[in-house]
Amino acid sequence: MMGFNKEQNIIGIRVLNDNVIWLWKNKKSAVVIDPALSQPVIEYLKVNNLNLEAILQTHHHSDHIGGTRELIKEWPNAKVIASEKEKDRIPFQNLSVKDNDKLQLLNEEVQVIEVIGHTRSHIAFYCNKKVPFLFIGDTLFSAGCGRVFEGTYKQMYKSIIRIRDLPKNTLIYCAHEYTKSNLLWALDLEPENQNLKKKLNEVEKKLSLNELTIPFLLDEEMKINLFLRAQNLEEFTFLRANKDSWV
Ligand code: ZN
Ligand code: FE
């Protein structure tokens with residue numbers, strides 16, 4: 001996993017209880033995704049002498065936009081990119097986007113993918129390189145998916161299918177380190193599932209070494225994510241409701 005990170009120049013900064021701020025960089029500039037806080041990002045960029053080119057906002061929750069105000073004080077030319085549907089709830093946005101828009105970031109083409117469900121306007125950012133990568137916010141987690149707060153189960157299921165249909169070698173960067181508890185839930189439902197057991201082992205090892213369990217490969221995730229494996233809306237809805245009541 002670290003190999004992938006290095007190759008793609010994407011690093012994760014763990015903040016708050018379980019948030020991960022992703023920093024995508026080249027030699028001179030960086031793009032930050034969902035900065036819950038500003039301080040660790042400012043520190044990293046200054047130490048590494050990087051200009052902040054853009055802030056990507058997947059949705060309006062405070063643990064995703066909380067650091068933006070202070071970041072644009074330091075880098076007033078940074079683009080703040082967010083859904084055009086969230087002009088009220090995501091302040092400071094100066095580049096409003098919609099589904100399928102194409103952006104140029106760090107000299108790469110990035111596509112906006114709308115994935116509604118967690119909120120009524122959640123978006124993701126997809127870069128189709130040799131190893132494609134996706135910043136998915138709170139829509140999909142390793143072994144889990146986001147809670148359906150504002151959208152409908154049908155919308156969320158459609159969003160999950162849209163992710164499922166991306167190239168199988170896509171590396172997915174989500175915004176929370178929830179992998180272990182998601183796996184424990186999945187194992188409650190499928191106690192004999194060997195893929196889940198194996199993944200839990202790997203995850204516990206990484207966590208004990210203080211490593212992140214994300215990003216994850218779509219291909220591998222297809223084996224262990226019950227939401228990605230759901231055959232239809234009914235099954236998806238059952239799983240989501242079951243997870244909501246699981247403690
Ligand atoms: Zn959220
Ligand atoms: Fe969140």
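We count ligands from 1, going down the list as the structure has it; atoms in each ligand are counted the same way. The analysis underlying the following values was restricted to heavy atoms, covering all of them including side chains, and did not include hydrogens, waters or symmetry mates.
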Check your understanding: Looking just at side-chain N and O atoms, do His61 and Asp138 make a donor-acceptor pair shorter than 3.5 Å?
Key -> no

**Study point:** the Zn ion (ligand 1) to nearest N/O/S of His64 less than 2.8 Å
**Key:** no

Point to revise | Under 2.8 Å: N/O/S of Asp138 next to the Zn ion (ligand 1) | key: yes

**Study point:** Minimum-distance pair of heavy atoms, taken over all atoms of Tyr44 and Leu50
**Key:** CE2-CD1, 4.1 Å

Practice item. Answer yes or no for His176: is there an N/O/S atom below the 2.8 Å cut-off from the Fe ion (ligand 2)? Key: yes

Exercise for review: Tell me, yes or no, whether the heavy-atom count around Asn100 atom CG, taken from other residues, nucleotides or ligands under 6.0 Å, exceeds 12.
Suggested key: yes

Practice item. Sort out for me which residue in Val203, Leu212, Ile224 forms a side chain to side chain contact (heavy atoms under 4.5 Å, CB included) with Thr179. Key: Val203

**Study point:** Ile81: which of Leu105, Val31, Val110, Val112 passes side chain to side chain contact (heavy atoms under 4.5 Å, CB included)
**Key:** Leu105

Check your understanding: Are Lys205 and Glu202 close enough for a salt bridge, meaning some N to O gap below 4.0 Å?
Key -> no

Exercise for review: To the nearest 10 degrees, could you say what angle the Fe ion (ligand 2) makes with OD2 of Asp63 and NE2 of His64?
Suggested key: 90°

Exercise for review: May I ask you to check if any N/O/S atom from His59 comes under 2.8 Å of the Fe ion (ligand 2)?
Suggested key: no

Review point. Within Asp138, is some N, O or S atom less than 2.8 Å away from the Fe ion (ligand 2)?
Key: yes

Review point. Angle subtended at the Zn ion (ligand 1) by NE2 of His59 and NE2 of His118, to 10 degrees?
Key: 100°

**Study point:** Shortest-distance N/O/S atom, His61 versus the Zn ion (ligand 1)
**Key:** ND1

